[in-house]
**Q** 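Quick one: the structure is below, questions incoming.
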Amino acid sequence: MTIKEYKAMCAASYSKRNKYGAVKSGGYDSTKEHNRANELKMMQHMGLISNLREQVKYVLIPTQRDSVGNLLEKECSYKADFVYERDGRIIVEDTKGVRTPEYIIKRKLMLHVHGISILEI
């Protein structure tokens with residue numbers, strides 16, 4: 001076995017641990033998010049909510065380029081865990097275990113730029 005093959009084997013068997021201790025579950029970033037997805041799918045099936053979507057991207061600050069078109073700054077965006085309609089209103093929902101400083105800034109930008117308050121579960 002070569003060093004390159006050994007490194008590839010180790011990389012394949014190594015799974016990076018989440019910084020905040022969340023464990024991936026059912027294709028979601030955490031067990032809490034997986035459970036909430038199941039609840040929302042059931043609510044949609046029962047007709048309590050409609051138009052359920054997952055991982056919806058909202059641009060908070062667009063990409064910035066100079067006059068020639070060279071990239072100056074990449075866009076800043078927020079990805080909502082769930083977006084759905086209830087009683088004629090659009091609900092943007094995020095399942096949170098830890099409110100990071102980055103999330104808090106993006107939450108404030110969502111309200112300022114899009115007029116959307118995020119429902120935290």
Side-chain angles (χ1 to χ4, degrees):
M1 178 181 291
T2 66
I3 292 174
K4 188 175 181 179
E5 291 170 335
Y6 175 75
K7 286 182 178 181
M9 181 185 76
C10 290
S13 65
Y14 174 75
S15 64
K16 187 175 178 186
R17 196 179 142 197
N18 183 284
K19 182 160 79 170
Y20 300 104
V23 177
K24 289 190 180 255
S25 174
Y28 294 91
D29 288 338
S30 68
T31 304
K32 184 176 182 179
E33 186 176 340
H34 181 211
N35 292 339
R36 184 60 181 163
N38 289 337
E39 288 175 6
L40 290 170
K41 288 174 186 176
M42 182 60 71
M43 291 169 69
Q44 180 168 264
H45 181 72
M46 295 170 60
L48 300 173
I49 65 171
S50 62
N51 198 19
L52 176 62
R53 294 169 284 149
E54 299 180 9
Q55 301 298 312
V56 178
K57 179 180 168 182
Y58 291 89
V59 175
L60 302 172
I61 303 170
T63 300
Q64 299 173 54
R65 298 185 179 273
D66 64 15
S67 59
V68 182
N70 296 321
L71 179 68
L72 296 174
E73 292 289 338
K74 293 181 183 178
E75 75 177 21
C76 173
S77 61
Y78 166 72
K79 198 171 279 189
D81 290 338
F82 307 104
V83 177
Y84 54 90
E85 293 177 29
R86 181 176 62 204
D87 301 326
R89 293 185 359 202
I90 294 177
I91 308 294
V92 176
E93 188 175 295
D94 203 310
T95 51
K96 277 288 161 220
V98 176
R99 287 170 186 82
T100 63
E102 180 182 9
Y103 166 74
I104 292 169
I105 290 170
K106 288 184 177 187
R107 182 187 68 200
K108 291 176 182 184
L109 281 169
M110 276 290 285
L111 183 58
H112 180 73
V113 174
H114 296 287
I116 297 172
S117 292
I118 299 169
L119 176 62
E120 297 174 7
I121 302 295

**Q** Is it true that L109 and V56 fall in one hydrophobic cluster, defined by side-chain heavy atoms closer than 4.5 Å?
**A** yes
**Q** I121 and F82: same hydrophobic cluster, using ILVMFWY side-chain contacts below 4.5 Å?
**A** yes
**Q** Please determine if R36 and E39 form a salt bridge, counting it only when a charged side-chain N lies under 4.0 Å from a carboxylate O.
**A** yes
**Q** Check Q44 against S50 and note the closest heavy-atom contact, atom names and distance.
**A** OE1-C, 3.6 Å
**Q** Looking only at non-hydrogen atoms, find the nearest pair between K96 and K32 and report the distance.
**A** O-NZ, 2.7 Å
**Q** Would a distance-only check, ignoring hydrogens and angles, find a side-chain to backbone donor-acceptor pair under 3.5 Å from E75 to L60?
**A** no
**Q** Is D81 reaching over with its side chain to a backbone N or O of T95, donor-acceptor style, under 3.5 angstrom?
**A** yes
**Q** I'd like to check Y58 versus V113 (side-chain heavy atoms, cut-off strictly below 4.5 Å). Are they in contact?
**A** no
**Q** Ignoring hydrogens and geometry, is there a side-chain-to-backbone donor-acceptor pair from E33 to Y28 under 3.5 Å?
**A** no
**Q** Take Y103 and D94, measure what side-chain hydrogen bond (donor to acceptor under 3.5 Å, both in side chains) needs, and give me the verdict at the end.
**A** CA-CA 10 Å; Y103 166 74; D94 203 310; 4.9 Å; no
**Q** Would I49 and I116 show up in the same hydrophobic cluster when neighbours are defined by side-chain heavy atoms closer than 4.5 Å?
**A** no
**Q** Can you hop from M46 to I91 via hydrophobic side chains spaced under 4.5 Å?
**A** yes
**Q** Is the closest side-chain heavy-atom distance between Y84 and L40 below 4.5 Å?
**A** yes
**Q** Report yes or no: does K41 contribute a side-chain atom to a donor-acceptor pair with the main-chain N or O of L52 at less than 3.5 Å?
**A** no
**Q** If two hydrophobic side chains count as joined below 4.5 Å and joins carry through other members, does V83 share a cluster with M42?
**A** no
**Q** More than 12 heavy atoms of other residues, nucleotides or ligands under 6.0 Å from CG of L71: yes or no?
**A** yes
**Q** Please report the closest heavy-atom contact between C76 and K106, naming both atoms and the distance.
**A** SG-CE, 4.1 Å
**Q** Closest heavy-atom contact between V92 and M110?
**A** CG1-CE, 4.4 Å
**Q** Quick check for you: to the nearest 0.5 Å, what is the distance between E120 atom CD and E93 atom CD?
**A** 10.5 Å
**Q** Counting only heavy atoms not in L72, do more than 12 sit closer than 6.0 Å to its CG atom?
**A** yes
**Q** Please give me the minimum heavy-atom distance between R107 and I118, naming the atom from each residue.
**A** CA-CD1, 3.9 Å
**Q** Under 4.0 Å between a side-chain nitrogen and a carboxylate oxygen: does that hold for D87 and R89?
**A** no
